[in-house]
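All ligand and atom numbering here is 1-based and tracks the order in the structure.
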Amino acid sequence: MTERRRSHWGWGWADRFPPEEGLRAIGGHVQSTLGFAPSTLRRPMDLDDVVVPPPRVTPPEALWSFCTTSGRDRLLHTYGRAWRDQVRGFLGDFGNAPDCVAHPKSENDLVELLAWASRERVAVVPYGGGTSVVGGVEHPRTSRFRGTVSVDMSHFDRVAEVDPVSRAARIEAGTLGPRIEETLARDGFTLRHYPQSFEFSTFGGWVATRAGGHFATVYTHIDDLIESVRMVTPAGLFETRRFPASGAGPSPERLVQGSEGALGIITEAWARIRPRPRWRATATVHFADFERAVDAVRIIAQSHLYPTNCRLLDPVEASLNGVCFDGSSVLIVAFESADVPVEHLLRFTLNIAADQGGKLPREPIYRDTEAGGDPTAGAWKAAFIDAPYLQSALIGLGVMVDTFETACTWSRFARVHAAIRHDVTEALTEVCGGGRLSCRFTHVYPDGPAPYYTFIAPVRPGSELSQWAEIKAAASEALFNRGATITHHHAVGRTHRPWYDRERPMLFGQALAAVKRTLDPAGVMNPGVLLDDVAAP
Ligand SMILES: Cc1cc2nc3c(=O)[nH]c(=O)nc-3n(C[C@H](O)[C@H](O)[C@H](O)COP(=O)(O)OP(=O)(O)OC[C@H]3O[C@@H](n4cnc5c(N)ncnc54)[C@H](O)[C@@H]3O)c2cc1C
């Protein structure tokens, strides 16, 4: 039996890229739903035809047991899964492959690897699942480094310990989402952190990027689930103690969360877990007016009801995802609990929605089992899981689909949204001759939403990367200028650096650089991510 292979350039499994007739069918669908014809029908460069440059550095013999310079392995660690990564991979451009890939099996391997890299000026890029969409796992090419090494954490792949009394688990950094859930399920627990990239991203990657999961309120980021962390840095081990909470000064785990591989390599963390939910209540509400739907979501977010799911889709998003085609905005709202029925919470919420003109297209669904859900929520979920595969397939048709996300206060949302719609639509028209922009709320807080935008446009083969860069810059400028963050959960990486630098307080940037110089004196850890290339004098 042949092993199922991950795509070397696109999202997920290689066998999910459609054959030629499938691509043609998608092209027809694009034309009928989006109104523009695909400009091309291309297939990705075959893996066997890709050429990677020879390695510039070779690790010493002492590291050979877990390091490789094989072209195939280096190629597979060249990119994350941003749209621009996929385009470069599709075209067979792997000129920036790492010189070496390490597959450490222990913290001691990491200690030795980081010592060699620091001594020999080799940049170190930690690699979890490689699903970064912000250039987080790309390799810097500056003359300061003799080469680069990608550190693949896939051998750190266990739920190592469960503390059922405190409801916490010690999880190794390279463990993929499904494995975490399968293991915890044996004891009736769940981490319930489901980013859209769940299948292929790792626990360590989530912590390093402060990933956002499926909870729309309260436990939105992985940060809220982390009790303590352990990280190997070039300067030594950084380990925090397990506490449910602590008021002892600035939080050391918070320094590690969001560090994006620039301070060290996270090897494991204790995370808060919970019993698997038993009671669920789900409903879909339609609004004729987007502004009133936004008001409803704001009131719900401020009501202390804390729905598990509270996704508002604008009319474009609702129709592109096959949820509703009559121009309505759609709110999908759900509650769940392992301990008590949740019907009453949904009823309160639906009363708020009704006050703002929300209509129920069908009865809510109440369940007392793991199974089931509202059929519309099901359609949305299926579209949500398949969307990344479609994004990859559309590259072959010369269609760009990418997303950007943010958060802002409720009082600013209308201005932010209007600026995004204006500036990005204008950029799409100028740069691509047209396109579509949709919006949904992925997470909501009492003081503001986290809007998530998708843009779709035709691109010219050969200039797609510069076209993408113009749209991305227009979106990022609009966010920054209207007081919205450059990212709510996709992280900073290399792509968001210019706007992150302007968003953070100047003194914070300097303090972070000082921390980096302490933990990483040679400045080899993921240079260019979060900070400019900094080394201690
Ligand atoms: C289709 C798709 C859907 C996505 N959906 C979501 C979503 O719903 N929510 C969300 O938050 N994000 C999402 N993302 C972005 C991405 O999945 C997250 O940033 C995720 O947390 C990255 O995990 P990873 O294991 O793939 O990390 P990688 O991509 O391998 O690495 C990400 C960053 O973390 C660093 N890193 C990785 N592991 C470690 C470690 N052990 N120690 C130190 N640094 C490390 C890397 O150097 C890099 O800077 C999505 C991406 C795609 C392609």
Side chains of Asn309 and Arg280, donor plus acceptor under 3.5 Å: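 No, no side-chain donor-acceptor pair sits under 3.5 Å.
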
Asp152-His77 side chain donor-acceptor pair, cut-off 3.5 Å: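 His77 and Asp152 do have a side-chain donor-acceptor pair below 3.5 Å.
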
Contact partition for [X] relative to ligand 1, non-hydrogen atoms under 4.0 Å:
X: Val133; value: side chain
X: Pro195; value: both
X: Phe156; value: neither
X: Ser132; value: both

Do any nitrogen or oxygen atoms of Ser197 lie less than 3.5 angstrom from nitrogen or oxygen atoms of ligand 1?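 Looking only at distances, the answer is yes, because the N/O contact criterion of under 3.5 Å is met.
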
Check this for me - ligand 1, Gly136, N or O atoms closer than 3.5 angstrom, yes or no?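 Checking ligand 1 against Gly136, an N or O pair does fall under 3.5 Å apart.
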
Above 12 or not: heavy atoms from other molecules or residues under 6.0 Å from CZ of Arg144?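 Check passes, neighbour count above 12.
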
If you count every heavy atom of other residues, nucleotides or ligands that lies below 6.0 Å from His155 atom NE2, does the total exceed 12?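 Yes, NE2 of His155 has more than 12 neighbouring heavy atoms, counting only those of other groups under 6.0 Å.
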
Could you tell me, atom by atom, which parts of ligand 1 come under 4.0 Å of a heavy atom of [X]?
X: Arg81; value: 53 (C)
X: Pro388; value: 1 (C)
X: Gly212; value: 7 (C), 8 (O), 9 (N), 10 (C), 11 (O)
X: Ser201; value: 23 (O), 24 (P), 25 (O), 26 (O)
X: Gly264; value: 43 (C)
X: Tyr127; value: 30 (O)
X: Ala208; value: 34 (O), 35 (C), 36 (N), 44 (N), 45 (C)
X: Ala211; value: 11 (O), 21 (O)

Check the angle between the aromatic planes of Trp206 and Phe203 and answer parallel, tilted or perpendicular using the 30° and 60° thresholds.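 Because their plane-to-plane angle is over 60°, the rings of Trp206 and Phe203 count as perpendicular.
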
Name the orientation class of the two ring planes belonging to Phe404 and Tyr453 (parallel below 30°, tilted from 30 to 60°, perpendicular beyond 60°).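 Aromatic pair Phe404/Tyr453 classed parallel.
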
Can you check whether Lys516's main-chain N or O pairs, donor with acceptor, with Asp520's side chain at less than 3.5 Å?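 No, Asp520 side chain to Lys516 backbone: no donor-acceptor pair under 3.5 Å.
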
Which protein heavy atom lies closest to atom 15 (C) of ligand 1, and at what distance to 0.1 Å?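 So the nearest neighbour among protein heavy atoms is Thr131 O, 3.7 Å.
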
Pick from [options]: the one approaching [atom] most closely through a non-hydrogen atom:
atom: atom 46 (C) of ligand 1; options: Ser154, Gly261, Pro126, Gly213; value: Pro126
atom: atom 32 (C) of ligand 1; options: Thr233, Thr209, Val256; value: Thr209
atom: atom 49 (O) of ligand 1; options: Met525, Glu260, His489; value: Glu260

Evaluate the side-chain proximity of Asp532 to Arg497: yes if any heavy-atom separation is below 4.5 Å, no if none is.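 Result yes, sub-4.5 Å side-chain heavy-atom pair found.
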
